[in-house]
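To find a chain, count down the sequence lines: A is the first, B the second, and so on, and within it residues start at 1.
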Amino acid sequence: MKSLLQQQLNTIIAELQYPAVDINFETPKVAAHGDLTTNAAMVLAKSVGKNPRQVAQSIVERISIDESFLSAVEIAGPGFINFRFSPRYVVEQSKRILQESTAFGKSDAAKGRKTNLEWVSANPTGLLHAGHGRQVLIGQVIGNLLEWTGHDVTREYYFNNAGNQMRTLAESIYARYRQELGDDYPSPEEGYKGEYITDIAKEIIAEKGDSLRETDAERTYFRKYGETWCFAKIKETLARLNVKHDVFYNEDSLYSSGKIAEVIEEFKKRDLAYDSEGAVWFRATKFGADKDRVIVKSTGEPTYRLPDIAYHREKFRRGFDLIVDIFGADHIATIPDVLNGVNALGYNTDDVKVIIHQMVSFVNGDEVVKMSKRNAKTYTLDDLIDEVGVDAVAYFFVMRSVGTHLEFDIALAKEQSDKNPVYYLQYAHARIASILRHAATAEIDANNAANLLSTTDFSLIKEKEELDLLKKLLEFPDMVKSCAFSFEPHRLTTYLREVAETFHRFYHEHRVINEDKALMQARLTVCAMTKTVIANGCTILSVSCPEKM
RNA sequence: GGUCCCGUAGCUCAACUGGAUAGAGCAACAGCCUUCUAAGCUGUGGGUUGCAAGUUCGAUUCUUGCCGGGAUCACCA
């Protein structure tokens, strides 16, 4: 529709000898303003030297109204040109929903674009805490959105099982192991103190008894055990949320394959790195930073920056066209260095999309939930899922724009009532499912899309609420694209809420099950279409759609 | 102090990326169930979009400066 009108307008503009401009079509916020609107006249007004309404008038006069598409074209406000779709067009278009069914909303807008999506990437030194949930779900939904728009997505988890943090983990477990054996042995000053350390220590005792009292200085056994244990737990938690990564990329492989050394060498060759005070420094100041950064410590160990740069370079080398990273706001300082580094190596960082989400705070009604890392009683993501359920977790974490702080109300998420937004959506789906079950008793198989397509009298769909609903449903494919390309999953939750709302209104105004069988089937068709869109939307959101509630 | 993010109804947040009368949910108030799920629907009240300038046909959106909140500024990741 949009492209048809666009074409026609361009022709008209040329005929009128107006300059060619970028014209914009939008769906107006207010339904009274029609189904589609363009600002063409206002954009043209200045260069043409007439007032916008005159320009609009000259354009509208030349638009031909084809009843199979348009029912009206109007000029409104400061010079908007508003188009109204004909009911016939809307109903005709809606058949797509039945035809495409579970694929309705998918597109090949970015067909074959090789995309690397990296997220979570928590090191295996502990459990995912509740705050991690935001990143987990944002990444999950963005991954789905990218797939729905044709991207070829590799879901990746980057981890480091070497270095300081792992040493600390090993030391923490070892200390707890000794303590559990009754020895007076101190925990490391900055060690991990969570309950899980005790769990791990106890498991080791159960398996090995006290045979590991005297162990090597590297605490190799404890380190390996801790890593395996933590990773298993992390993956378990992710699995509960249907999150599955295709690649677990080990930072260590960058060392063993010499990629790290390679980067240092190239930096030095380009005078982007230099030796000083026994360390190697990256000239971050060349890129506007306040001071240079150490990339190799005087101990010979690289800081995180260097492997991160090498890692991103490898992503390019692996042939990805689009690289998406999701980080929490606490990582914000590291991003410029990495991008500058990769850029310096000759890669186009326009193809790197870094999504930074703000932090999460948890409240339980009026009470603020503390969850400090040092605290022994960490509030884990598992705890949160246990408390409020998978669907509420999935929905709540993406329902706000990534740029704002998220306040997660546990009491609200837990509440099984109308206060809880996730139920509103699921309720609409369950309600439709219930209606379709009734239809079965009237011998109409409303779950059979092909059957509905061939036997429904679509001309019976003509009520305002029905047409409003169909129009809303038809926005879905554009909505998916728009959410995907702007990396804004929260807009999908807003949209689906509107779909549910529009459906409830239709349901309230018009009875579906009734004596007029043809009419009943027409309305069942509208229901089936709505169910498809809600289900597809929920699939993207990783939220389940119950048939009954 | 530098950098980044945020400031919208009593509360939590939207606003299709510069559009028309700034919208939802919760909370408050008033209605709607002998019929398909009332976990629903309809209506009322609630706003100087932190403040002040600027850019233009038009600003919650872009620019600048203040004010307030958060994140971050390691030879930790």
Side-chain angles (χ1 to χ4, degrees), chain A residues 24 26-30 32-33 37 39 42-43 45-46 51-52 76-80 82 121-123 125 160 163-165 168 190 251 277-281 288-291 293-305 307-308 328-336 356-359 361 363 366 399-409 412 415-421 423-424 426-428 430-439 475 478-479 482-483 486 488 490-491 493-495 497-498 500-501 503-505 507-514 520 523-524 527 548-549:
Chain A
N24 217 341
E26 284 181 0
T27 308
K29 283 181 201 168
V30 188
H33 294 145
T37 186
N39 61 355
M42 289 177 295
V43 177
K46 195 162 63 173
N51 85 48
F80 290 100
N82 296 339
S121 296
N123 282 336
T125 58
N160 173 11
N164 271 333
Q165 299 197 348
T168 307
E190 293 290 307
E251 179 183 325
E277 303 164 44
V280 183
W281 298 69
D290 52 346
K291 55 186 169 189
R293 312 285 180 182
V294 170
I295 49 175
V296 182
K297 299 185 239 174
S298 50
T299 59
E301 274 180 277
T303 63
Y304 65 90
R305 275 172 244 272
D308 274 7
D330 51 342
H331 281 66
I332 198 155
T334 80
I335 292 156
I356 297 161
H357 62 86
Q358 297 300 311
M359 305 274 90
S361 57
V363 297
D366 296 330
M399 91 181 154
R400 303 302 182 209
S401 109
V402 299
T404 56
H405 285 88
L406 172 67
E407 186 166 289
F408 195 115
D409 189 336
L412 175 63
E415 195 156 344
Q416 309 225 339
S417 78
D418 56 338
K419 291 178 189 172
N420 192 334
Y423 286 101
Y424 185 81
Q426 294 183 317
Y427 180 70
R431 203 178 213 186
I432 294 169
S434 168
I435 296 168
L436 300 192
R437 280 193 297 274
H438 277 87
E475 288 174 22
D478 277 342
M479 185 52 69
S482 160
C483 290
S486 62
E488 292 180 312
H490 75 277
R491 284 178 37 208
T493 64
T494 308
Y495 166 77
R497 221 210 128 274
E498 288 167 4
E501 188 178 8
F503 171 76
H504 285 312
R505 205 159 17 222
Y507 172 90
H508 189 259
E509 290 298 319
H510 305 287
R511 243 192 105 69
V512 177
I513 308 295
N514 61 43
M520 170 160 83
R523 291 187 177 162
L524 283 168
C527 289
K548 277 183 188 175
M549 283 175 80

Whole-Å distance separating the [atom1] atom of [X] from the [atom2] atom of [N]:
X	N	atom1	atom2	value
Ile295(A)	rC76(B)	CD1	C1'	17 Å
Glu301(A)	rA77(B)	CD	P	8 Å
Arg293(A)	rC73(B)	CZ	C1'	7 Å

Give [X] one of three labels, base, sugar-phosphate or nothing, depending on what nucleic acid heavy atoms sit under 4.0 Å from its own.
X	value
Ser298(A)	base
Ala76(A)	base
His357(A)	nothing
Tyr424(A)	sugar-phosphate
Thr404(A)	sugar-phosphate
Thr168(A)	nothing
His33(A)	base
Lys548(A)	base
Ser401(A)	sugar-phosphate

Short side-chain N/O contact from [X] to OP1 or OP2 of [N], under 4.0 Å:
X	N	value
Lys29(A)	rA20(B)	yes
Tyr495(A)	rA14(B)	no
His504(A)	rA39(B)	no
Arg505(A)	rG40(B)	no
His490(A)	rA15(B)	yes

Exercise. Hey, is rC33(B) sitting syn or anti, using the within-90° cutoff around 0?
Worked result: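 What rC33(B) shows is a syn base, its glycosidic angle lying within 90° of 0.
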
Give a yes or no on whether a donor-acceptor pair under 3.5 Å exists between the nucleobase atoms of rC36(B), that is its base, and the side chain of Ser434(A).
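Looking at the base of rC36(B), it does not pair with any donor or acceptor on the side chain of Ser434(A) (distance under 3.5 Å).
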
Exercise for review: Return yes if the base of rA77(B) and the side-chain atoms of Asp330(A) contain a donor-acceptor N/O pair under 3.5 Å, otherwise no.
Suggested key: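 Result: no qualifying N/O pair found.
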
Under a 3.5 Å cutoff, is there a donor and acceptor pairing between the side chains of Thr303(A) and Arg293(A)?
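No - no donor-acceptor pair under 3.5 Å links their side chains.
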
* Taking atom C1' in both rG47(B) and rU8(B), what distance in whole Å separates the two? ->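 Pairwise C1' distance, rG47(B) against rU8(B), rounds to 8 Å.
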
**Prompt:** What interatomic distance, in whole Å, is found between C1' of rA39(B) and the corresponding atom of rC33(B)?
**Reply:**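 Roughly 14 Å separates the two C1' atoms.
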
